[in-house]
Amino acid sequence: MKRRTLMIAVCALFSGMAPLAHAELKTIGTGANMGVDITNFPPAMKEIYPNFTKKCIKCHGMDRTFVTIQTGMTPSGSVFDNAAVDAYGAKMLRKPDADMTKAEVKSFVQLMKYMLEEAAK
Amino acid sequence: MSIRKSSLIGAVFASSLIMPMLYAGSAQAIPAFTRQHKTECFTCHTVFPELTEQGENFKKNSYVWLETKGDKKEAKKDEKKDGKKGLNDKEYLILSSLPEYVPLSISGAFNGSYNDKRPDDGNRFDLVTRYVRLQAAGSMNDKLGFWLSYNLYTEGPFGGSTTNSALNGNVPSNNTPDLSDAYVQARHVFDSPVNFKVGRIRPSLSLWKGTNRTSVTEMATTFYRVGDSLYFTDAAAEGVELNTIVNGKIFLAGGAVKRKNQKNLEGFGSVQVKIGGADFEGREAPINFDSESIFDYLTMTLGAYGYAGNNNVGQFKQLNHYYRFGGESDIRYQRYRLKLASAFGEDDNAVVDSAFAKGPYTGRNSRVYAAEGLYLIGSQFIPSFRFEYQDDGATITRRFIPTLAYAALQNAKMVLEYKHEDSNTSSNGTLNLSLVAAF
């Protein structure tokens, strides 16, 4: 009885800790085709997501985007925070072969900030 | 059309498809940076070695990787996330100021050319391994940038010079292994905004380093020479340079060069101003996402420079006092790019009469203009057209240079170029095909 109680207590403890140990942004797959689980995203963010992945992958794998958002660090070691998201948005808009409109960049910036927030939880 | 003429055209066409050419430019793309900063070549180059804004800024900041950041100067940093400040498994490298990777790259070019008016000496059609070059570059703890470029092999004209001789030891020689560039740049010396560059340098004069182009032919404004003088603006020489970035928008440089076998130092200075886009320190100008403006996409860099020096142009070592100055602008708008350049100069003893130890001296005034328009198609093609007007004080030359550059891979490219040249003494056309790779 005592042992059973102890086991239940340990399980309860770990199950409660699980959300603390992992960011809310859940990735799916690996490499260039990595994605994130958007099941719990608000509808507006869900709507942006497909176009976001389509445009990003034109130049680089999606793992670069999602790992950067998850870790808050770019592959080259720079901090990736909300201010950096704005700057990257401007940079992508100006990048000649990015093929992104201003409206698209605006929506991508919103989505990335949302994901950053989720990843920080 | 005669059979002979059609055969000639066929030969030119076939040549253009099969081979490389004579006036191949030198690539200065450094794949070592890709490995070091975990980012692809296209981050800093369009069709290499032509630089993007990011590439220009990277170079100006001693090859220190710049964060992409907003317009606010007080970029906040999370110390815990910054691997350079916190504990990490690369601490031994940081403490030793060593780059994580040995920053070496090798590049090479193979060229073919056909010149329809060249004397029939067997080289109207020419194939040449233009160069094989070893390059090393990077930064040490963001304090010291370095660049080294060593020609393992070169053939044909180097750096716009067709008759390199031993008279000017500061112009790389031909057909032998030779040091092209080798310098270090101390960054933010004593926590000041000033950078100090020393070594075999190309003084920061033009907006574009000589290799910063998609074409095979160099830009006349920085590669033209006058008379017997071996000087051209993009030549490397032993010297020192102080440079700084003011408020992110203004780049200032000044320094001195020491030539072999002459007492006097040479001096130079330049100023560059950035309008729109990312500033010289990588800060992106803010964008209003709720309204359209051409200024969101328009980036302009304006530059002016001056150089004054003297060299020995003949066997009697008569001094040629000379100066150059120029103005340039680089305008980017989405996929379009326009480069405008002008250069002016005076040489007081540019031509040597070997019969006279003391003269007669022949002075020459020179002026050169160039305009080049480029358009990026997709990510891999850049068609461009350049017009050049060059008056070196003796001959007026006009050049019309259409070019198509294609990056088959990010580190391998092919350039097809036709250069039509008209002067008051001759007219000729050269078809060039260049294959360049770097790894």
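Worth knowing before you read on, the calculation uses all heavy atoms, side chains too, and leaves out hydrogens, waters and symmetry mates. Chain identifiers are assigned alphabetically (A, B, ...) following the order of the sequence lines, protein sequences preceding nucleic acid strands; residue numbering begins at 1 within each chain.
Rounding to the nearest 0.5 Å gives a distance of 7.0 Å between CZ of Phe289(B) and CG of Asp86(A). A distance of 13.5 Å separates NE2 in His60(A) from CZ in Phe42(B), rounded to the nearest 0.5 Å.
The local environment of OH in Tyr336(B) is sparse, with at most 12 non-hydrogen atoms from other residues, nucleotides or ligands closer than 6.0 Å. When the shell of 6.0 Å around CZ of Phe439(B) is examined, it contains 12 or fewer heavy atoms from other residues, nucleotides or ligands. At most 12 heavy atoms of other shown residues, nucleotides or ligands fall within 6.0 angstrom of atom NZ in Lys143(B).
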After noting the C-alpha distance and the side-chain angles of Lys102(A) and Asp290(B), does the key distance pass the salt bridge (Lys or Arg N to Asp or Glu O under 4.0 Å) rule? CA-CA 8 Å; Lys102(A) 194 177 261 192; Asp290(B) 297 317; over 6 Å; no
Could you walk me through whether Arg94(A) and Glu284(B) pass salt bridge (Lys or Arg N to Asp or Glu O under 4.0 Å), step by step? CA-CA 10 Å; Arg94(A) 292 188 176 113; Glu284(B) 291 286 343; 2.7 Å; yes
Using side chain to side chain contact (heavy atoms under 4.5 Å, CB included), reason through Ile287(B) and Lys91(A) one step at a time and then give a plain yes or no. CA-CA 10 Å; Ile287(B) 283 177; Lys91(A) 189 174 183 173; over 6 Å; no
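At a 4.5 Å heavy-atom cutoff, the contact between Glu292(B) and chain A is made by backbone and side-chain atoms alike. Within the 4.5 angstrom heavy-atom criterion, only backbone atoms of Ser291(B) (N, CA, C, O) approach chain A.
Minimum heavy-atom separation, Ala285(B) to Ala90(A): O-CB, 4.1 Å.
Looking only at heavy-atom pairs under 4.5 Å with chain B, the residue among Lys58(A), Lys95(A), Arg64(A) that has the most is Arg64(A).
A salt bridge is absent between Asp97(A) and Arg335(B); no separation between the charged side-chain nitrogens and carboxylate oxygens falls under 4.0 Å.
Two residues are said to be in side-chain contact when any heavy atoms from C-beta on lie closer than 4.5 Å; Arg337(B) and Pro96(A) fail this criterion.
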